[in-house]
Amino acid sequence: MHILLSFDQPFILPNAWDPLSARLLAQAGFCAIATTSWGMAQARGQEDGEQCSFEEFLNQLKPIINAVNIPISIDIESGYSNDVNAICQHVLALAELGIVGINIEDSDKVTGRLRPQEQQVAILTAIKNTLNRHGFSQLFINARTDCFLQAAQITATITRALAYQAAGADGIFIPGLTDLAAIQQITTSLNVPLNIMADDSVSNSRMLFAQGVQRFSLGNTLFDATKSFILTAGCTFKCTKNCDHLF
């Protein structure tokens, strides 16, 4: 658990979507991994965005957790509910599996918009209290805000990030944030670690760490690269009737 809770040194975090990818990342030498909801959804033949029930998600997740002996953080999307009590029970179910952290986002899967800030603050507060009551106070809550995916407003992003920090979030995750000046502005505003997700314009972790970022994750990048390789290799085999490119 120390790996995900200590930010004395910034770290990079790859994202798995099935037991094999989790094992391979552990074999690659990573000391901790996370899951990608995008990759897990695509592996089910679905799109991202809580297209399955929480029970189906949990059944898909258990073999991934059991596949490795290193700390693992789970992408729980928006909590698979808009009911605060249900979300807390979902997080508690994950905690009981031995995970060390979660990502939870402020997008409403029903409306496609951001949840009202007050609602998300109430959710984060309730999650924190639930974890504390059940002996999981060390579980890392990485609070994701999707401001930059929807409007890219720095002021609104900082306002939400500070509110989530005050509600008990242990880290802030802002996908879509790529501008280095904005990243530095946000890191200097926070007292908790900032997580940036890989993008074609932010692929160098050293540049991000120099701006105060303490956690750099691959998100769906590795899954998409794997999917692209399979598609390209398959098309080449179909067209050429030759598989030399696979050896």
Side-chain angles (χ1 to χ4, degrees), residues 1 3-5 13-26 30 32-110 115 119-120 122-144 146 168-171 173 175 195 197 217-220 222-223 226:
M1 188 174 295
I3 285 291
L4 288 181
L5 298 179
L13 190 66
N15 299 72
W17 58 90
D18 63 8
L20 177 58
S21 59
R23 288 195 195 101
L24 291 174
L25 291 170
F30 287 97
I33 61 174
T35 60
T36 162
S37 65
W38 172 278
M40 289 181 65
Q42 297 252 316
R44 294 192 303 267
Q46 298 175 331
E47 296 301 317
D48 199 19
E50 299 182 7
Q51 298 299 302
C52 69
S53 68
F54 179 73
E55 289 71 23
E56 290 173 306
F57 169 75
L58 200 62
N59 288 334
Q60 183 185 16
L61 186 62
K62 288 176 181 177
I64 301 175
I65 296 172
N66 293 334
V68 294
N69 293 316
I70 58 175
I72 184 166
S73 181
I74 303 302
D75 182 351
I76 193 177
E77 299 198 55
S78 298
Y80 281 81
S81 180
N82 272 324
D83 177 76
V84 63
N85 292 323
I87 293 172
C88 288
Q89 289 307 306
H90 292 165
V91 173
L92 188 59
L94 295 180
E96 290 171 346
L97 294 178
I99 68 164
V100 299
I102 59 166
N103 285 346
I104 183 159
E105 61 199 58
D106 56 6
S107 291
D108 187 321
K109 302 305 181 186
V110 176
R115 284 172 174 153
Q119 181 185 8
Q120 192 68 7
I123 288 170
L124 292 171
T125 301
I127 290 173
K128 192 73 171 181
N129 290 338
T130 299
L131 292 172
N132 288 342
R133 285 199 311 271
H134 289 85
F136 297 108
S137 61
Q138 296 303 305
L139 191 141
F140 192 95
I141 301 173
N142 201 30
R144 167 176 155 171
D146 287 346
D170 301 293
F173 177 28
N195 184 168
M197 187 172 71
S217 55
L218 287 180
N220 56 289
L222 186 59
F223 174 84
T226 302

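- For the 3.5 Å distance criterion, the side chains of N195 and R144 fail to qualify, holding no donor opposite an acceptor.
- Considering every non-hydrogen atom in both A143 and L124, the closest pair reads CB-CD1, 4.0 Å.
- Contact between I141 and K128 at its shortest, heavy atoms only, is CD1-CD, 3.7 Å.
- Remark: the backbone N or O of A41 is not paired with any side-chain donor or acceptor of Q51 at under 3.5 angstrom.
- Here the closest heavy-atom approach between residue P14 and residue A32 is recorded as CD-O, 3.6 Å.
- At least one side-chain heavy atom of L58 sits under 4.5 Å from a side-chain heavy atom of L97.
- Side-chain contact check for N15 versus N220: every heavy-atom pair is 4.5 Å or farther apart.
- Taking all atoms of both residues into account, the shortest heavy-atom contact from V68 to R23 is CG1-N, 3.9 Å.
- Closest heavy-atom contact between F173 and M197: CE1-CB, 3.7 Å.
- Counting only heavy atoms from C-beta outward, the side chains of I102 and L94 approach each other to under 4.5 Å.
- Judged as a salt bridge (Lys or Arg N to Asp or Glu O under 4.0 Å), and not counting sequence neighbours, the contacts of E77 are K109.
- When atom types are taken as modelled, the side chain of R115 and the backbone of I123 share no donor-acceptor pair closer than 3.5 angstrom.
- Side-chain atoms of D106 come within 3.5 Å of backbone atoms of D146 as a donor-acceptor pair (strictly under, hydrogens ignored).
- The side-chain heavy atoms of T36 and L222, taken from C-beta on, include no pair separated by under 4.5 Å.
- In this structure the side chain of M40 reaches within 4.5 angstrom of the side chain of I64, judged on heavy atoms.
- Here the side chain of Q60 pairs no donor or acceptor atom with the backbone of D18 at under 3.5 angstrom.
- In this structure, I76 CD1 and I127 CD1 are separated by 7.0 Å, a value rounded to the nearest 0.5 Å.
- Atoms OG and CD1, from S21 and I33 in turn, are 7.0 Å apart once rounded to the nearest 0.5 Å.
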Verdict with reasoning, W17 to Q42, per side-chain contact (heavy atoms from CB on, under 4.5 Å): CA-CA 9 Å; W17 58 90; Q42 297 252 316; over 6 Å; no
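- Atom CG of L218 sits about 14.0 Å away from atom CZ of F223, to the nearest 0.5 Å.
- The two atoms that bring V84 and A126 nearest to each other are CG2-CB, 3.5 Å, heavy atoms only.
- Under the 3.5 Å distance criterion, the side-chain polar atoms of S81 are left unmatched by any main-chain donor or acceptor of I87.
- We find the CD-CG distance between E105 and N142 to be 11.5 Å, quoted to the nearest 0.5 Å.
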Chi angles and distances behind the side-chain contact (heavy atoms from CB on, under 4.5 Å) call for E96, F136: CA-CA 9 Å; E96 290 171 346; F136 297 108; 3.9 Å; yes
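- In this structure, a donor-acceptor pair under 3.5 Å is present between the side chains of D75 and S37.
- With rounding to the nearest 0.5 angstrom, the CZ atom of F54 is 5.0 Å from the NE2 atom of H90.
- Remark: Q138 CD to N132 CG distance equals 9.0 Å, nearest 0.5 Å.
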Worked check of side-chain contact (heavy atoms from CB on, under 4.5 Å) between V91 and T130: CA-CA 9 Å; V91 173; T130 299; over 6 Å; no
